[in-house]
Amino acid sequence: MADENTLNSVELATELTIAWLGNQNNRVMAEEVPAFLRSMHATITELAGAPSSSSNASDDEAPADEEFTPAVTVRKSLASKDHILSMIDGKPYKTLRRHLSTHGLTPEQYRERYNLKADYPMVAETYSEQRRAMAKKIGLGQKGRAAKAQAAAESPAPRRRKAV
């Protein structure tokens, strides 16, 4: 019976891995497939209630030690003013914030993962300019300026002494 469960978990892990790899939205390098299959098998055996063949300590250390190789270089990611190329998948985006959230990352974590400077942009330059122009056009940010101008107009001007 134990052999039957093991065989079923291996078959199930293999079938799930094949299905996952068959999805065109999942891009995986060939070197990553065995590790994915191992983690899939460990998850299935864990869910089945049987202890996994690998120790949990090594599973916990693997994600922490995992180095992420960027899909593109930093220079190439910022080469166009119209879009920013994601270092995760190499695809162009006007803004990276939503893309990063789908991968469970914040901009700070993304910068840390790929050793980027703190001022690395999350929005394409032309998109930022378009948004800025639109905000100016509809008057965003004018309330603060109007309040300063009104306060200056209401306060009495300082009196100057007459020269003797």
Side-chain angles (χ1 to χ4, degrees), residues 9 12-48 52-153:
S9 64
L12 183 58
T14 305
E15 291 297 321
L16 288 171
T17 302
I18 291 169
W20 188 78
L21 292 172
N23 184 346
Q24 64 185 2
N25 293 326
N26 297 327
R27 294 184 180 177
V28 179
M29 298 183 73
E31 299 85 36
E32 297 171 354
V33 174
F36 181 78
L37 181 58
R38 271 189 232 100
S39 66
M40 185 66 70
H41 180 263
T43 303
I44 290 169
T45 54
E46 182 181 325
L47 291 173
S52 64
S53 60
S54 64
S55 67
N56 288 340
S58 65
D59 288 345
D60 292 341
E61 292 172 8
D65 293 342
E66 184 178 354
E67 287 205 20
F68 297 96
T69 56
V72 294
T73 63
V74 176
R75 177 175 277 178
K76 188 173 180 181
S77 72
L78 299 174
S80 174
K81 292 184 177 190
D82 295 331
H83 58 266
I84 295 178
L85 295 178
S86 167
M87 299 194 124
I88 297 171
D89 59 9
K91 292 182 180 179
Y93 296 94
K94 288 185 178 182
T95 178
L96 289 176
R97 194 170 300 269
R98 183 178 293 159
H99 169 63
L100 295 179
S101 68
T102 61
H103 291 280
L105 294 171
T106 63
E108 292 78 23
Q109 291 169 334
Y110 177 74
R111 289 180 180 120
E112 184 179 319
R113 177 184 279 189
Y114 295 107
N115 298 321
L116 302 171
K117 293 182 180 179
D119 64 345
Y120 182 86
M122 292 290 129
V123 179
E125 191 175 334
T126 54
Y127 184 67
S128 178
E129 288 299 322
Q130 289 172 352
R131 297 286 302 253
R132 182 173 183 237
M134 185 183 301
K136 277 186 169 183
K137 182 178 177 181
I138 63 174
L140 292 179
Q142 297 297 321
K143 187 175 184 180
R145 292 188 192 123
K148 285 182 184 177
Q150 184 180 6

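Only heavy atoms go into these numbers, but all of them, side chains included; no hydrogens, no water, no symmetry mates.
Gln109 contributes a side-chain N or O that, together with a main-chain N or O of Thr106, makes up a donor-acceptor pair within less than 3.5 Å. Thr45 places a side-chain N or O within donor-acceptor distance of the main-chain N or O of His41, the cut-off being under 3.5 Å. With Ser9 contributing its side chain and Ile44 its backbone, the two residues share no donor-acceptor pair below 3.5 Å. Using a distance-only test at 3.5 Å, with no hydrogens or angles considered, no donor-acceptor pair links the side chain of Ser101 to the main chain of Gly104.
Two residues are said to be in side-chain contact when any heavy atoms from C-beta on lie closer than 4.5 Å; Asp89 and His99 meet this criterion. Here the side chains of Pro92 and Ile84 are not in contact, with every heavy-atom distance at 4.5 Å or above. Annotation: side chain of Tyr114 is in contact with side chain of Ile88 (closest heavy-atom distance under 4.5 Å).
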### Query
Is there a side-chain contact (heavy atoms from CB on, under 4.5 Å) between Leu78 and Leu85 once you walk through the steps?
CA-CA 7 Å; Leu78 299 174; Leu85 295 178; over 6 Å; no

### Task
Verify side-chain contact (heavy atoms from CB on, under 4.5 Å) between Tyr127 and Asp82, making sure each step is shown before the conclusion.
CA-CA 7 Å; Tyr127 184 67; Asp82 295 331; over 6 Å; no

### Message
Let's go through Arg111 and Met122 carefully: what are the C-alpha distance in whole Å and the side-chain angles of both, what is the deciding distance for side-chain contact (heavy atoms from CB on, under 4.5 Å) to 0.1 Å, and is it a yes or a no?
### Response
CA-CA 10 Å; Arg111 289 180 180 120; Met122 292 290 129; 3.5 Å; yes

### Check against side-chain contact (heavy atoms from CB on, under 4.5 Å), Val123 and Lys94
CA-CA 6 Å; Val123 179; Lys94 288 185 178 182; over 6 Å; no

Check residues 69-76 and write down every donor-acceptor pair under 3.5 Å in which the side-chain atom is one partner and the other belongs to a residue at least two apart or another chain.
| residue | atom | partner | partner atom | Å |
| --- | --- | --- | --- | --- |
| Thr73 | OG1 | Lys76 | N | 3.1 |

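Taking both residues in full, the closest heavy atoms of Ser39 and Thr43 are given as O-OG1, 2.8 Å, listed atom of the first, atom of the second, then distance. Here the closest heavy-atom approach between residue Tyr110 and residue Met87 is recorded as OH-N, 2.9 Å.
Judged as a side-chain hydrogen bond (donor to acceptor under 3.5 Å, both in side chains), not a single pair has a partner in residues 12-25 (not counting sequence neighbours).
Rounding to the nearest 0.5 Å gives a distance of 11.0 Å between CE of Met40 and CD1 of Ile18. Rounded to the nearest 0.5 Å, atoms CZ (Arg98) and NE2 (His103) are 13.0 Å apart.
Tyr120 is linked by a side-chain hydrogen bond (donor to acceptor under 3.5 Å, both in side chains) to Ser77, counting only residues two or more places apart in sequence or in another chain.
Atom CD of Glu112 is surrounded by 12 or fewer heavy atoms from other residues, nucleotides or ligands within 6.0 Å.
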